[in-house]
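One-based numbering, in listed order, for ligands and for the atoms of each.
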Amino acid sequence: MLIVSPGKKLDAWVQAIHRADPGIRVLQPAEVENTGEVTFALAWKHPQGFFLDYPNLRCISSFGAGVDHILEDPHIPPDVQVVRIVDPLLSQDMLEFALAVCMKRLRGLTLYRQKQDKGLWKKAPYLRMADVGVGIMGTGMIGHHVAEGLAKTGFRVSGWSRTPGRQGSYRKYQGQEQLADFLHGSDILICLLPLTPATRAIIDQHLLAQLPPGAYVVNLGRGTHVVDQDLIDVIDSGHLSGAHLDVFEPEPLPPGHPLWAHAKIDITPHVASLTSPGSVAPQLAENYHRLREGRPLMNLVSREAGY
Ligand code: NDP
Ligand code: OXD
């Protein structure tokens, strides 16, 4: 098994896979002597064309839930299977992050931090959960868990997906034809979509204008879902109250980028939910063995759909 993620320390991953199955030889690129021996790769943001040197590669697994960084490489042969991480801990960590951001918005905590910086003791009205509609774009493995969790906590939750998909204790909308109705009820809009040709730049001026006045946008999917300048313009127009962004294009967000200094935009460095090596190593080992034995893989991605 090859493990590749430029710039990332991989020791914890190698050790976790070794703990899950000491029989699997896990190699970083510099350790590979015979590229023909590699059949399975674990990858995050590999350079395009990197796998052309691995003639017997049959499966690439993402380090995380998203596979956009793999599928954007046009050199991956069509018969290479792509799998991703599905992990309850990843979904639960995302729920906890989304809840923290929603509560920060309801109680105005960013504004109090700004007042504190000026030594200002000034009370402001706050919002209550029951009065706020939270709309989750993308109710897949993670989005569905977030939607259920926020609904149980007391928010009015709705979800939007491509197909009828998962049903739960929240109101469900589907497809382009129901997008406007979904947006009208989303006082807090949370993006948990995968990045595909259909979702690229989906959060633009036209979409943002359909949110209720004072709405708040939270992007936890991929930076390219949002048209940054449209978001800034719609916040500056007064229609939106602000945004919390965890993902960017490019990452890291370059110094001097206008998003950094915007008073109504909070930024975190792609930390909403981090894959835990110990938690996911067993599924990597399982897929490695399934591949060797010619059995169907878990968490297979549709290369046509892009997720
Ligand atoms: P899934 O593939 O399980 O779910 C994707 C969801 O998006 C599905 O509900 C799907 O609809 C919906 N969807 C896809 N395309 C469209 C479309 N064109 N229109 C409407 N809905 C669409 O993904 P996960 O829940 O596992 O992960 C979602 C994303 O979260 C990842 O791809 C990644 O980008 C991001 N992520 C971010 C992290 C962070 O730290 N910020 C951490 C982990 C993930 P349907 O149900 O109909 O198929
Ligand atoms: C993921 C991510 O896709 O961390 O898992 O963004």
Does [X] come within less than 4.0 angstrom of ligand 1, counting non-hydrogen atoms of the residue?
X	result
Thr139	yes
Gly64	no
Met94	yes

* To do: Ignoring angles and geometry beyond distance, decide whether Gly66 reaches within less than 3.5 Å of ligand 2 through its nitrogen or oxygen atoms.
  => yes

* Please determine which of Leu274, Asp246, Leu89, Leu192 meets the side chain to side chain contact (heavy atoms under 4.5 Å, CB included) test together with Met94. => Leu192

Using a distance-only test with no angle check, is there a side-chain donor-acceptor pair under 3.5 angstrom linking [X] and [Y]?
X	Y	value
Gln229	Asp233	yes
Asn219	His244	no
Tyr307	Arg162	yes

If I apply the N/O under 3.5 Å rule, does [X] come out as touching ligand 1?
X	value
Ser273	yes
Arg222	yes
Met141	yes
Gly138	no

* Answer yes or no: is there an ion pair linking Glu72 with Lys45, defined by an N-O contact shorter than 4.0 Å? => no

* Heavy-atom pair with the smallest gap, counting every atom of Ala124 and Lys115 -> CB-NZ, 4.0 Å

* Asked: What heavy-atom pair brings Ser158 and Tyr170 nearest, and what distance separates the two atoms?
  -> C-CD1, 4.1 Å

* Asked: So, does Thr275 use its side chain to make a donor-acceptor pair with the main chain of Phe63 at under 3.5 Å?
  -> yes

Do [X] and [Y] have their ring centres less than 6.0 Å from each other?
X	Y	answer
Phe248	His270	no
His75	Phe50	no
His184	Tyr173	no

Just need the protein heavy atom nearest to [atom], so name the residue and atom and give the distance.
atom	value
atom 6 (C) of ligand 1	Gly140 N, 3.6 Å
atom 46 (O) of ligand 1	Ser161 CB, 3.8 Å
atom 16 (C) of ligand 1	Arg162 CB, 3.8 Å
atom 30 (O) of ligand 1	Leu192 CD2, 4.0 Å
atom 44 (C) of ligand 1	Ile142 CD1, 3.6 Å
atom 26 (O) of ligand 1	Arg84 NH1, 2.8 Å
atom 5 (O) of ligand 2	Ala65 N, 2.7 Å
atom 4 (O) of ligand 2	His270 NE2, 3.5 Å
atom 22 (C) of ligand 1	Leu193 CD2, 3.5 Å
atom 32 (O) of ligand 1	Pro194 CA, 3.3 Å

Which of the ligand 1 atoms, numbered from 1, are nearer than 4.0 Å to a heavy atom of [X]:
X	value
His270	39 (C), 40 (O), 41 (N)
Asp246	39 (C), 40 (O), 41 (N)
Ala198	18 (N)
Leu220	35 (C), 36 (N), 37 (C), 38 (C), 39 (C), 41 (N)
Thr199	15 (N), 16 (C), 17 (C), 18 (N)

* To do: Show your reasoning for whether salt bridge (charged side-chain N to carboxylate O under 4.0 Å, His left out) applies to Lys104 and Asp266.
  => CA-CA 11 Å; Lys104 176 192 69 168; Asp266 289 347; 2.7 Å; yes

* Hey, are the side chains of Ile203 and Leu208 touching, using non-hydrogen atoms and a 4.5 Å cut-off? -> yes

* Close side-chain approach of Pro55 to Thr35, heavy-atom, < 4.5 Å -> yes

* Please could you name the atoms of ligand 2 that Arg222 approaches to less than 4.0 Å, counting only its heavy atoms? => 1 (C), 2 (C), 3 (O), 6 (O)

* Below 4.0 angstrom from a heavy atom of Trp44, which ligand 2 atoms are there? Numbered from 1 as shown, please. => 1 (C), 2 (C), 3 (O), 6 (O)

* Any chance you could lay out the salt bridge (charged side-chain N to carboxylate O under 4.0 Å, His left out) test for Glu148 and Lys152, step after step, and finish with the verdict? => CA-CA 6 Å; Glu148 288 283 20; Lys152 270 193 206 120; 5.2 Å; no

* To do: Would you tell me which option among Trp160, Tyr307, Tyr173 has the nearest heavy-atom contact to atom 19 (N) of ligand 1?
  => Trp160

* **Stepwise side-chain contact (heavy atoms from CB on, under 4.5 Å) test for Gln114 and Thr110** => CA-CA 6 Å; Gln114 290 166 0; Thr110 301; 3.8 Å; yes

* Structure fact -> Quick look: Val247 vs ligand 1, heavy-atom contacts under 4.0 Å, and the answer is side chain

* To do: With heavy atoms only and a cut-off of under 4.0 Å, state how Thr163 meets ligand 1: side chain, backbone, both or neither.
  => both

